[in-house]
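All remarks here apply to the structure that follows.
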Amino acid sequence: MIAHQNTIFALSSGAGRAGVAVIRLSGPMAGQTLCALLGRDTVPTPRHAVYAPIRDPQTGERLDDAVAIYFAGPASFTGEDVVELHTHGGRAVINGVLECLSRQPGLRIAEPGEYTKRAFENGKMDLTAAEGIADLIDAETAAQRRQAVRQMAGELGALYEDWRTRLMKALAHIEADIDFPDEDLPDGIVPVVRGDLIAVGDEMTKHLADNRRGERLREGFQIVILGAPNAGKSSLLNRLAQRDAAIVSEIAGTTRDMIEVHLDLGGFPVTMVDTAGLRESGDVIETEGVRRATERAENADLRLVVVDREDWPHIDPEAARLIDGSTILLINKVDGLAPAELPKVWNGTSAKGAALELPVLPISAMTGQGIESLLQLLETRVKEGLDFAGPVPLTRLRHRRALESASDHLDRGMKTDIAELAAEDVRLAVREIGKITGRVDVEDLLDIIFGDFCIGK
């Protein structure tokens, strides 16, 4: 446990006017400061709420009537003595209490993420759980919240620690064979533990082969709208966003850059991107917009290709080049036409020559015809792309890189019968997994990870 000299404080609830605000203190002076604010000689019973006036210890001014709770370390969030002050949420009250605390000896304002950082340093959580807290704070949809809660609760850390423990046991067997060659040990200890290494390696490979669902859930499912100029892409974006997010004009080339709208589809986060019409242009700015649109579409999770009804079945060649199995074709401007008059599927080939059968939806971005069916189809596709069962998924690039490195070391270690070489590769695999949870080599990561937190978290 790390003993910090300073006691930190900060507003831990949201900034701005509210009914109740929570101000948190953590560190060796937390209990003494609480006694000074309450005008008493001893701290309250731990984990029991006390309702009392709090006063500036130097001036005696009554700052507010508050609920105070004392948490004695190590049975607290940070592992240190912690105090929570539940005050009224007016700005003047909050500022008055914070200014008072800033004048108390041994206290300073907390840095972003410092509470969680101290909790990690004191063994209250590992790095994956800390990252889960950050994700929970940033969660905007139900699916993001569910994933963050599972990670915060330690499911991801427990999975990685299980692999690390099993590899360490295998490593102990290999090193015993190296260190005690004259002892009565089973012959060929490396082949014996190879089964354990294979089992962990297979689980790791399966975990990595998740189509980046956890990472995509954090960042949002990417849907790009493509099509020729004036096909109705911007009108469709506005209809889906239920606001005027993009400028709509009959002038070709109005949209020159990408316009993003963030949506919640069935509890899953979606980033909908309107792009420049895909055409050749002598305008330098529009040409750059087309280049960016193409690049974004190539990396999208789903593409909506919008075709003007009068142009059907002709598809803009630039958009057709990007058609694959992750594409939905939309025939726009079908106002007043009966569904029976319009196609339901499109049979063609991808740019790579693969045969495709894609759904075709008739819509009117102006009147809203067919939009409900489109939303239902999009929700299904997003759930298929992001929903998952089983262990909590991999959620960050740093996790993926460390596991890929660990997997490479295991593969190499299992291909040799030389105990010394196998031991070194297993040792390196253990180290890579330890980096994820914070067991080893975390000094350079702490500021990066905890710097993303809010002050007071």
* List the steps, then state whether side-chain contact (heavy atoms from CB on, under 4.5 Å) holds for Glu131 with Arg396. => CA-CA 9 Å; Glu131 289 168 329; Arg396 276 173 168 74; 3.3 Å; yes
Backbone of [Y] reached by a side-chain donor or acceptor of [X] within 3.5 Å:
X      : Y      : value
Asp162 : Ala158 : no
Thr141 : Gln144 : yes
Asn6   : Ile8   : no
Ser407 : Glu404 : no
Ser76  : Ala72  : no
Arg398 : Ile436 : yes
Asn122 : Thr78  : yes
Tyr115 : Ala10  : yes
Arg216 : Phe221 : no
Arg381 : Leu302 : no

Quick one, [X] and [Y] - any side-chain contact, counting heavy atoms below 4.5 Å?
X      : Y      : result
Arg321 : Glu298 : yes
Val306 : Leu226 : no
Glu432 : Ser405 : yes
Val200 : Asp196 : no
Leu240 : Val261 : no
Ile223 : Leu378 : yes
Leu237 : Ile259 : yes
Asp81  : Gln32  : no

Point-to-point distance, once rounded to the nearest 0.5 Å, from [atom1] of [X] to [atom2] of [Y]:
X      : Y      : atom1 : atom2 : answer
Leu25  : Leu34  : CG    : CG    : 8.0 Å
Arg164 : Leu171 : CZ    : CG    : 11.0 Å
Met204 : Asp411 : CE    : CG    : 9.5 Å
Leu265 : Leu263 : CG    : CG    : 5.5 Å
Leu375 : Ile363 : CG    : CD1   : 10.0 Å
Asp64  : Ile54  : CG    : CD1   : 5.5 Å

Side chains of [X] and [Y]: donor-acceptor distance under 3.5 Å anywhere?
X      : Y      : value
His173 : Glu175 : no
Glu215 : Thr395 : no
Ser26  : Glu80  : yes

* Do Glu114 and Arg108 pass the salt bridge (charged side-chain N to carboxylate O under 4.0 Å, His left out) test, and can you show the C-alpha distance, the side-chain angles, and the key distance before you say yes or no? -> CA-CA 12 Å; Glu114 191 169 3; Arg108 65 167 174 81; 2.6 Å; yes
* **His88 atom NE2: more than 12 heavy-atom contacts under 6.0 Å** =>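 Count not over threshold, so no.
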* Tell me, yes or no, whether the heavy-atom count around Arg62 atom CZ, taken from other residues, nucleotides or ligands under 6.0 Å, exceeds 12. =>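 Atom CZ in Arg62 is crowded, with more than 12 foreign heavy atoms closer than 6.0 Å.
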* Asked: What do the steps show when you test Ile328 against Leu358 for side-chain contact (heavy atoms from CB on, under 4.5 Å), and what is the final call?
  -> CA-CA 6 Å; Ile328 298 173; Leu358 299 177; over 6 Å; no
* Could you give me the CA-CA distance, side-chain angles and deciding distance for Lys415 and Arg412, then say whether side-chain contact (heavy atoms from CB on, under 4.5 Å) is met? => CA-CA 5 Å; Lys415 291 175 181 177; Arg412 190 168 60 189; 5.8 Å; no
* Asked: Are Asp56 and Arg103 close enough, and set up right, to give a salt bridge (charged side-chain N to carboxylate O under 4.0 Å, His left out), and what steps lead you there?
  -> CA-CA 10 Å; Asp56 187 322; Arg103 294 193 296 269; 2.3 Å; yes
* Asked: Between Glu84 and Arg47, does a salt bridge (charged side-chain N to carboxylate O under 4.0 Å, His left out) hold up when you go through it step by step?
  -> CA-CA 10 Å; Glu84 286 187 359; Arg47 300 178 179 273; over 6 Å; no
* Are the aromatic ring centres of His207 and Tyr160 under 6.0 angstrom apart? ->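 Centroid separation for His207 and Tyr160: below 6.0 Å.
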* Test log, rule side-chain contact (heavy atoms from CB on, under 4.5 Å), inputs Gln104 and Gln58 -> CA-CA 9 Å; Gln104 304 310 306; Gln58 287 150 340; 3.9 Å; yes
* **Steps toward side-chain hydrogen bond (donor to acceptor under 3.5 Å, both in side chains) verdict (Thr437, Thr128)** => CA-CA 6 Å; Thr437 58; Thr128 63; over 6 Å; no
* To do: Evaluate the salt bridge (charged side-chain N to carboxylate O under 4.0 Å, His left out) criterion for residues Asp138 and Arg145: first the C-alpha distance (whole Å), next the side-chain angles of each, then the deciding distance (0.1 Å), finally the verdict.
  => CA-CA 9 Å; Asp138 293 334; Arg145 170 183 54 78; over 6 Å; no
For [X] versus [Y], what's the shortest heavy-atom pair and its separation?
X      : Y      : answer
Pro53  : Leu38  : O-CD2, 3.9 Å
Val83  : Gly31  : CG2-N, 4.3 Å
Ala199 : Arg166 : CB-NH2, 3.9 Å
Leu156 : Pro393 : CD1-O, 3.8 Å
Ser234 : Asp274 : OG-OD2, 2.7 Å
Ala422 : Thr416 : N-CG2, 3.8 Å

* **Ion pair check, Arg150 and Asp135, cut-off under 4.0 Å** => no
* **Geometric cation-pi criterion, Arg24 with Phe77: 6.0 Å, 45°** =>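 Yes, a cation-pi geometry.
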